[in-house]
Number of protein chains: 2
Amino acid sequence: MAGVSVATASRVIAKADYPVAAATRVRVIEAAGALGFVRNAMARGLSRSRSDSVGVIVPALHAYYAAMIEGIDEAATRQGLTILLGLSRGDEAKREQLVTEFLERRVDGLLICAGADDHLPGRTPTEMPIPTVLIGQQANPGFPIVVTDNVAAGYEVAEHLWSLGHRAFAYLAPDKGWHDFRDRQAGVSVFLKQADEAYKLDVLDGIYSEADAFSRMGEALKGGLAATAVIASTDRHALGAMAALTDAGRWVPDAVAVVGFDNYLSSQYLRPALTSMHMPAGEMGRLGLETLVAAIGGHQVPMRSELRATLVARGSSVPSP
Amino acid sequence: MAGVSVATASRVIAKADYPVAAATRVRVIEAAGALGFVRNAMARGLSRSRSDSVGVIVPALHAYYAAMIEGIDEAATRQGLTILLGLSRGDEAKREQLVTEFLERRVDGLLICAGADDHLPGRTPTEMPIPTVLIGQQANPGFPIVVTDNVAAGYEVAEHLWSLGHRAFAYLAPDKGWHDFRDRQAGVSVFLKQADEAYKLDVLDGIYSEADAFSRMGEALKGGLAATAVIASTDRHALGAMAALTDAGRWVPDAVAVVGFDNYLSSQYLRPALTSMHMPAGEMGRLGLETLVAAIGGHQVPMRSELRATLVARGSSVPSP
DNA sequence: CTGAAAGCGCTTACAG
DNA sequence: CTGAAAGCGCTTACAG
């Protein structure tokens, strides 16, 4: 319609900087507009062997991963990359299936978010045909990974409560498979072990949700739990624990201090407002995407990038009675 | 490597039911395994003019849309469809750009989630080249849409509070551009207007977040707000309002009842537990995707599918003092 | 500055 | 049951 070859048309549509006569350029653009031309990314991708897309796999879409994805999206948008989203639902087979699917779609890179013992079955770094970056602690050695220092975060929480005079603690934990949580707990232990006074630490484990925290904490209180400070693996677990404490007439923070991790937006509007370790999920996502882009670009990337958590002290943690 | 033509290879790889000699089939499968063959979805898509993917656009990833996406994902997985995710961040230009991008990628259909006055600039149904389904109220007539009856939901909330003896209400609203919220408010008004007793309704508007709810409610209380029942557009706003009430010494639920919408997972662990209208976001997502698949398949689809919200009464709403 | 042509990796009538 | 060949819609050396 513009009276030019497809080669020329392609050049004006796809490469803004390619030298094309101004008049020709105009004719092509006008024709494209009149025809309602929409270029075909599959054909483009096929011939360039590049899809300008990345696969993002998360276990689920709760607030922590949602924040991570928003960070990934922000960086991806800036880089002109489209996100293919996959929810693994903590299922290893599903996760492997998503990897295969994304590989078939020829994503330029893969971002795998997790905080637990999620494996990439049979996928070592050398077997993975495309750049892959992990976000959050997980059991896949050899891939570049972006993490937040959970040991330091746990350490700092314990230090905070210790400085408020607390000596009897309860830690609400899932099980050992969850690296993030295991490390937070380890950090707490590291601090306590180097302390110069006696302390008590009860671990309530098998806690994966508000509901678990609520019921386990309820039982523990009936069993005479003596802790004056409760450390929950996440704000969600803290919320469940606070409900159980309140229901048992143990007022937070007067009778028991509570601290969580993640610092969800809502936590500051709880009453008492919840003290929480802020884990920079969005920042991790952004950094992960940028690392991936560098790897796709053939650059050397750090094998481990570590961000810091920051304590946000609020009303739920006050000096021990 | 299997000593067959690409046509035959394609048939065993891509069409399980195509008649191919058993021995040939085995040779192809073995060769594919040995070669680590991964089929190219871009080439496949190009030749079939079908990408087996759908574009999903949401304003942001907070809990409501996260639940919606989980529903969409569940149905999409079942249908063998991959999700391309786009966050519009409430920005119309960004949204339009995402639509264009998804069109270039030749998604088989588009799912647009919103609850506000988000437009598809210059895209009428006839101009949209692919099947498109809307989820949540929005300003784009002519597209099939999946909604929850927000007027009925608002009506029911008012009825609930009325039956508890409340006659003085405050409604926390964003502005008129938000269809979901406007309808919830309308439902409240509809109920009250047909009531047979005097009542008072204060509207606090301009509320888009926990923070807004917290500060506007704080001001209103200082100004002598007389409401014994607060209706918030979402649980998030309810949380902010509850914090302001607590800080002002107006105990929930003894002095003031509070009700929200959305019924986030956490709401039941607040103390008092928050009474909330459960909006079936996941169900909306699932139904939206299924409607889209039907439309892609060339079937006739309903122009409007309406789900019902369900009231979950909890401790935050009790009889008026 | 422009075009002819090959190639990206599949699918699918069509013929045998 | 199998293959040769055209075609999907781009990009990009190569030549002019």
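Just so we're on the same page: letters track the sequence lines, and every chain starts at 1.
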Distance-only check: which donor-acceptor pairs under 3.5 Å involve side-chain atoms of residues 64-72 of chain B, not counting sequence neighbours?
unit_1	atom_1	unit_2	atom_2	d
Tyr65(B)	OH	Gly115(B)	N	3.3
Glu70(B)	OE2	Leu61(A)	N	2.8

Under 4.0 Å, heavy atom to any atom of DNA chain C: which of residues 18-45 of chain B qualify?
Phe37(B), Val38(B), Arg39(B), Asn40(B), Ala43(B), Arg44(B)
Could you give the side-chain donor-acceptor pairs of residues 27-40 of chain B under 3.5 Å, partners two or more places apart or in another chain?
unit_1	atom_1	unit_2	atom_2	d
Arg27(B)	NE	Ala2(B)	O	3.0
Arg27(B)	NH2	Ala2(B)	O	3.4
Asn40(B)	OD1	Met42(B)	N	2.8
Asn40(B)	OD1	Ala43(B)	N	3.1

What is the distance from atom CD1 of Ile130(B) to atom OG1 of Thr132(B), rounded to the nearest 0.5 Å?
5.0 Å
Taking CD1 from Ile13(A) and C1' from dT12(D), how many angstroms apart are they, rounded to a whole number?
16 Å
C1'-based separation of dG16(D) from dT12(D) [nearest Å]
16 Å
What is the separation between atom CZ on Arg11(B) and atom P on dC14(C), rounded to the nearest whole Å?
13 Å
Side-chain polar contacts of residues 292-305 of chain A - donor-acceptor pairs under 3.5 angstrom, sequence neighbours left out - could you list them?
unit_1	atom_1	unit_2	atom_2	d
His299(A)	ND1	Ala294(A)	O	3.3
Arg304(A)	NE	Glu306(A)	OE2	3.3
Arg304(A)	NH2	Glu306(A)	OE2	3.1

What's Ser10(A) touching, base or sugar-phosphate or nothing? Going by heavy atoms closer than 4.0 Å.
base
Can you tell me which stems DNA chain C forms, taking runs of 3 or more consecutive Watson-Crick or G-U pairs with both distances under 3.5 Å?
C:1-3 with D:14-16, C:5-12 with D:5-12, C:14-16 with D:1-3
The criterion is side-chain hydrogen bond (donor to acceptor under 3.5 Å, both in side chains); which residues satisfy it with His179(A), sequence neighbours excluded?
Asp117(A)
When Thr8(B) and Leu46(B) are each assigned the nearest nucleotide of DNA chain C, the 5'-most assignment goes to Leu46(B)
Rounding to 0.5 Å, atoms CG (Leu85(A)) and CG (Leu98(A)) come to a distance of 9.0 Å
Which sits closer to the 5' end of DNA chain D, Arg48(B) or Ser5(B), going by the nucleotide each is nearest to?
Ser5(B)
Asp17(A) has an atom CG; how far is it from atom P of dT12(D), in whole Å?
11 Å
Where the side chain of Arg106(B) is concerned, which of dG9(C), dT12(C), dC10(D) is the nearest nucleotide?
dC10(D)
Contacts of type side-chain hydrogen bond (donor to acceptor under 3.5 Å, both in side chains), residue Ser49(B), not counting sequence neighbours:
none
Test ring-ring contact (aromatic ring centres under 6.0 Å, His included) applied to Phe181(A) - qualifying residues, sequence neighbours left out:
Trp178(A)
In terms of side-chain heavy atoms of Ser47(A), which of dG3(C), dG9(C), dT11(D) is nearest?
dT11(D)
If you look only at distance, which donor and acceptor atoms sit under 3.5 Å apart when one is on a side chain in residues 51-60 of chain A and the other is two or more places apart or in another chain?
unit_1	atom_1	unit_2	atom_2	d
Ser51(A)	OG	Ser53(A)	N	3.4
Ser51(A)	OG	Ser53(A)	OG	2.7
Ser51(A)	OG	Arg106(A)	O	2.7
Ser51(A)	OG	Asp108(A)	OD1	3.4
Asp52(A)	OD1	Arg50(A)	NH1	2.9
Asp52(A)	OD2	Arg48(A)	NH1	3.4

